[in-house]
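Structure, as structure tokens:
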Amino acid sequence: MNHSVALQLLGLMLFTSAVLGSDRSAPIPVSCITRGADLTDEKVWVLCPVDCARRQVTIFGTSVYASVSSVCGAALHGGVISRSGEPIRVQKLPGQENYIGSFANGIKSQSLARWISSFTVSTDAPSEPMEVSSQGKSTVLPGKKKGEKRPPNGNKDCKVDIAFLLDGSYNIGRRRFNLQKNFISKLCVMLGIGPEGPHVGVVQASEIPKTEFYLKNFSQPKDVIFAVKEMAYRGGNTNTGKALRHTAETFFTPEMGSRRGLPRVAVIFVDGWPSDDIEDAATMARESGINVFLVSVAKPTPEELGIVQDRTFIQKAVCKDNDFFSFNMPSWFSINKYLKPLSQRLCNEDQMLCSKTCYNSVNIGFLIDGSSSVGDNNFRLVLDFIANIAKAFEISDIGSRMGAIQFTYEQKTEFDFNTHSTKDTTLAAIYGIRYLSGGTATGEAITYAAGTLFKPHKGGSRRNFLIIITDGQSYDDVKAPAVAAQNEGITIYSVGVAWAPQDDLRNMASEPKDSHTFFTREFTGMHQFEQTIIKGICKDFMESH
């Protein structure tokens with residue numbers, strides 16, 4: 001063996017790839033310089049990166065390669081794959097003498113007198129996704145039935161958008177960080193990601209959160225696996241709360257690949273405990289319609305519990321503290337048994353309780369006093385008040401809807417819940433309402449709203465709210481119509497201005513009266529109620545669920 005070959009062999013022998021033990025899914029992502037000797041199983045499926053053809057890879061032999069050779073380089077040399085980024089099957093063989101060098105397919109292999117072990121490469125796919133033990137015994141991957149094939153476009157029974165928040169802190173350490181990445185890769189395969197199935201992205205939680213890739217970036221498992229494999233360990237504190245807030249604010253947007261109408265899921269992995277407060281961020285995530293799962297691994301030791309900022313962080317972080325959204329794994333080893341139960345939870349859309357929020361799942365009707373005592377200028381202030389409330393909600397064909405009725409002695413439906421399905425058209429319709437002028441028959445208006453605006457939507461998935469704005473005494477009874485509407489499932493907020501009687505306002509409002517009744521002497525004072533009413537609607541919505 002010449003001196004240069006000896007140095008190359010020494011360098012290759014010093015290289016140690018990521019742990020590729022018997023507890024694995026196929027194919028396993030490897031690097032361009034991963035050798036046959038770095039793979040512990042007799043038969044294993046590996047996935048080569050996309051740039052090996054452009055890199056200098058070292059291989060020894062032709063057809064049969066010494067185990068110190070690059071497996072991806074051998075596949076390119078042997079013509080098994082014509083480009084990188086493809087799965088190959090590596091079969092280990094005994095060592096042999098006289099490995100013959102050659103130049104083939106743009107790759108040069110070297111000669112070698114003898115070596116202790118060998119391997120061959122091929123693209124012969126197993127009949128079903130296999131997992132190969134260190135004893136050479138093959139088993140079907142967990143969660144797959146024999147003969148079952150993954151649909152090429154993804155698992156259509158699992159239409160969810162998922163953000164994985166990986167722990168990249170000093171708590172987890174570099175070795176367990178790599179095991180965590182391996183688990184995520186396997187979970188992506190188990191979920192069946194694809195264009196018509198689940199989409200995933202990754203945020204690394206450390207000192208400062210970093211979005212590694214978004215939902216829009218990859219739609220195939222092998223691409224996601226490579227992206228996860230290439231993630232660099234960041235270190236720092238476990239600022240899980242900061243990472244969750246970052247995710248809630250920036251991750252689930254249409255520009256970044258979030259799909260309309262599908263559940264939004266954030267899966268937080270914490271190895272130990274968070275370094276920062278998570279409660280406010282979790283509240284923000286829930287109000288944004290994000291279903292937060294928390295996967296805890298390696299719980300704090302009794303000695304470490306003294307420095308844990310909040311021992312109840314799991315209950316505060318999850319969508320709902322009902323055991324469905326929290327998941328515990330004692331360690332990062334022997335993890336295959338956790339893949340199927342976790343993936344089943346992430347695909348269970350019926351249990352995604354936080355997908356529906358007060359912002360995207362309500363019908364809000366506005367009952368607007370158009371009597372002559374209001375006046376045109378004040379009527380414009382009323383429309384501003386209504387528009388500011390509408391702006392807070394996610395108006396769409398699958399989200400919240402707005403409707404408006406103007407009343408005097410008679411009633412006029414300005415637009416109903418089916419008229420406008422975007423926020424822009426809804427706001428334009430509000431500002432397009434023309435002042436009628438006339439008398440005040442609030443009781444009849446409530447009955448009209450309950451029968452025409454809300455009745456077609458009774459029993460739907462949205463919660464119904466009616467906001468009444470009036471400036472004076474009604475000519476008819478308001479209590480009986482209001483009670484009847486409330487019995488139909490309509491929550492009423494009454495907003496009175498100027499000469500509106502306090503008794504009428506309270507008789508119209510839902511219980512508790514104090515939080516559903518508002519009064520101001522001037523029309524300019526209505527704006528002070530906007531946020532209180534919006535938060536009140538959210539509170540009513542959450543209590544109803």
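With sequence neighbours excluded, the residues forming a side-chain contact (heavy atoms from CB on, under 4.5 Å) with Ala317 are Ile278, Leu294, listed by chain and number. Looking at residues two or more places apart in sequence or on another chain, you find a side-chain contact (heavy atoms from CB on, under 4.5 Å) between Thr253 and Glu255, Met256. Applying the ring pair (Phe, Tyr, Trp, His ring centres under 6.0 Å) test to Phe393 and every residue at least two apart in sequence or in another chain returns Tyr359. When the side-chain hydrogen bond (donor to acceptor under 3.5 Å, both in side chains) test is applied to Thr250, no partner is found at least two apart in sequence or on another chain. Qualifying side-chain contact (heavy atoms from CB on, under 4.5 Å) partners for Asp157, counting only residues two or more places apart in sequence or in other chains: Asn155. In this view, Phe325 and Phe293 satisfy the ring pair (Phe, Tyr, Trp, His ring centres under 6.0 Å) rule, not counting sequence neighbours. Every side-chain contact (heavy atoms from CB on, under 4.5 Å) that Arg286 has, sequence neighbours left out, goes to Ala282, Thr283, Cys354.
Residue pairs meeting the disulfide bond (SG atoms under 2.5 Å apart) criterion with at least one partner in residues 153-250, sequence neighbours excluded, are Cys158-Cys347. A salt bridge (Lys or Arg N to Asp or Glu O under 4.0 Å) check over residues 192-202, counting only residues at least two apart or in different chains, returns the pairs Lys156-Glu196. Judged as a ring pair (Phe, Tyr, Trp, His ring centres under 6.0 Å), the pairs with a partner in residues 190-221 (not counting sequence neighbours) are, in order, Phe213-Phe218, Tyr214-Phe251.
To the nearest 0.5 Å, atom CD1 of residue Ile88 and atom OG of residue Ser122 are 8.5 Å apart.
With hydrogens and angles ignored, the 3.5 Å screen pairs no side-chain donor or acceptor of Tyr65 with any backbone N or O of Thr62. Put simply, the side chain of Gln220 never gets that close to the backbone of Gly194: no donor and acceptor are under 3.5 Å apart. The closest donor-acceptor contact from the side chain of Asp161 to the backbone of Phe252 lies at 3.5 Å or more, if one exists at all. A donor-acceptor pair under 3.5 Å is formed between the side chain of Asn360 and the backbone N or O of Ser355. Of the possible donor and acceptor atoms, one in the side chain of Ser343 sits under 3.5 Å from a partner among the backbone N and O of Lys340. The backbone N or O of Val203 sits nowhere less than 3.5 Å from a side-chain atom of Thr211 that would complete a donor-acceptor pair. A donor-acceptor pair is defined here as one N or O able to donate and one able to accept, closer than 3.5 Å; no such pair exists between the side chain of Arg114 and the backbone of Gly95. A donor-acceptor contact shorter than 3.5 Å is absent between the side chain of Asp41 and the backbone of Lys43. At distances below 3.5 Å, not a single donor-acceptor pair connects side-chain atoms of Ser70 with backbone N or O atoms of Arg35. Using a distance-only test at 3.5 Å, with no hydrogens or angles considered, no donor-acceptor pair links the side chain of Ser258 to the main chain of Pro254.
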Inset, instruction - Show your reasoning for whether salt bridge (Lys or Arg N to Asp or Glu O under 4.0 Å) applies to Lys316 and Asp277. - result: CA-CA 10 Å; Lys316 293 178 179 178; Asp277 178 69; 5.7 Å; no
Inset, instruction - Begin from the C-alpha positions of Ser69 and His77 and carry the test side-chain hydrogen bond (donor to acceptor under 3.5 Å, both in side chains) through to its verdict. - result: CA-CA 11 Å; Ser69 303; His77 175 267; over 6 Å; no
Inset, instruction - Test Lys186 against Leu339 for side chain to side chain contact (heavy atoms under 4.5 Å, CB included), laying out the working first. - result: CA-CA 7 Å; Lys186 294 181 177 185; Leu339 290 168; 3.8 Å; yes
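Between the side chains of Asn328 and Ser296, at least one donor N or O sits under 3.5 Å from an acceptor N or O. A donor-acceptor contact under 3.5 angstrom links the side chains of Asn171 and Thr238, judged on distance only.
With a 6.0 Å radius and a threshold of 12 heavy atoms from other residues, nucleotides or ligands, Glu349 has its CD atom at or below the threshold. Leu93 CG: more than 12 foreign heavy atoms inside a 6.0 Å radius.
Between Arg260 and Asp397 a salt bridge is recorded (basic side-chain N to carboxylate O distance below 4.0 Å). Between Arg176 and Asp271, at least one side-chain nitrogen of the basic residue sits less than 4.0 Å from a carboxylate oxygen of the acidic one, meeting the salt-bridge criterion.
Inter-residue side-chain proximity for Ser361 and Phe541 is flagged as met; some heavy-atom pair is nearer than 4.5 Å. Val200 has its side chain within reach of Val224: a pair of non-hydrogen atoms, C-beta onward, lies under 4.5 Å apart.
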Distance-only donor-acceptor pairs under 3.5 Å for side chains of residues 229-237, two or more places apart:
unit_1	atom_1	unit_2	atom_2	d
Tyr233	OH	Ser169	O	2.8
Arg234	NE	Ser206	OG	3.4
Asn237	ND2	Glu207	OE1	3.3

Just list the side-chain donor-acceptor pairs under 3.5 Å for residues 263-270, sequence neighbours left out, or say none.
none

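Nearest heavy-atom pair across Asn291 and Leu353 is OD1-N, 3.4 Å.
Disulfide criterion (SG-SG under 2.5 Å) for Cys52 and Cys32: met.
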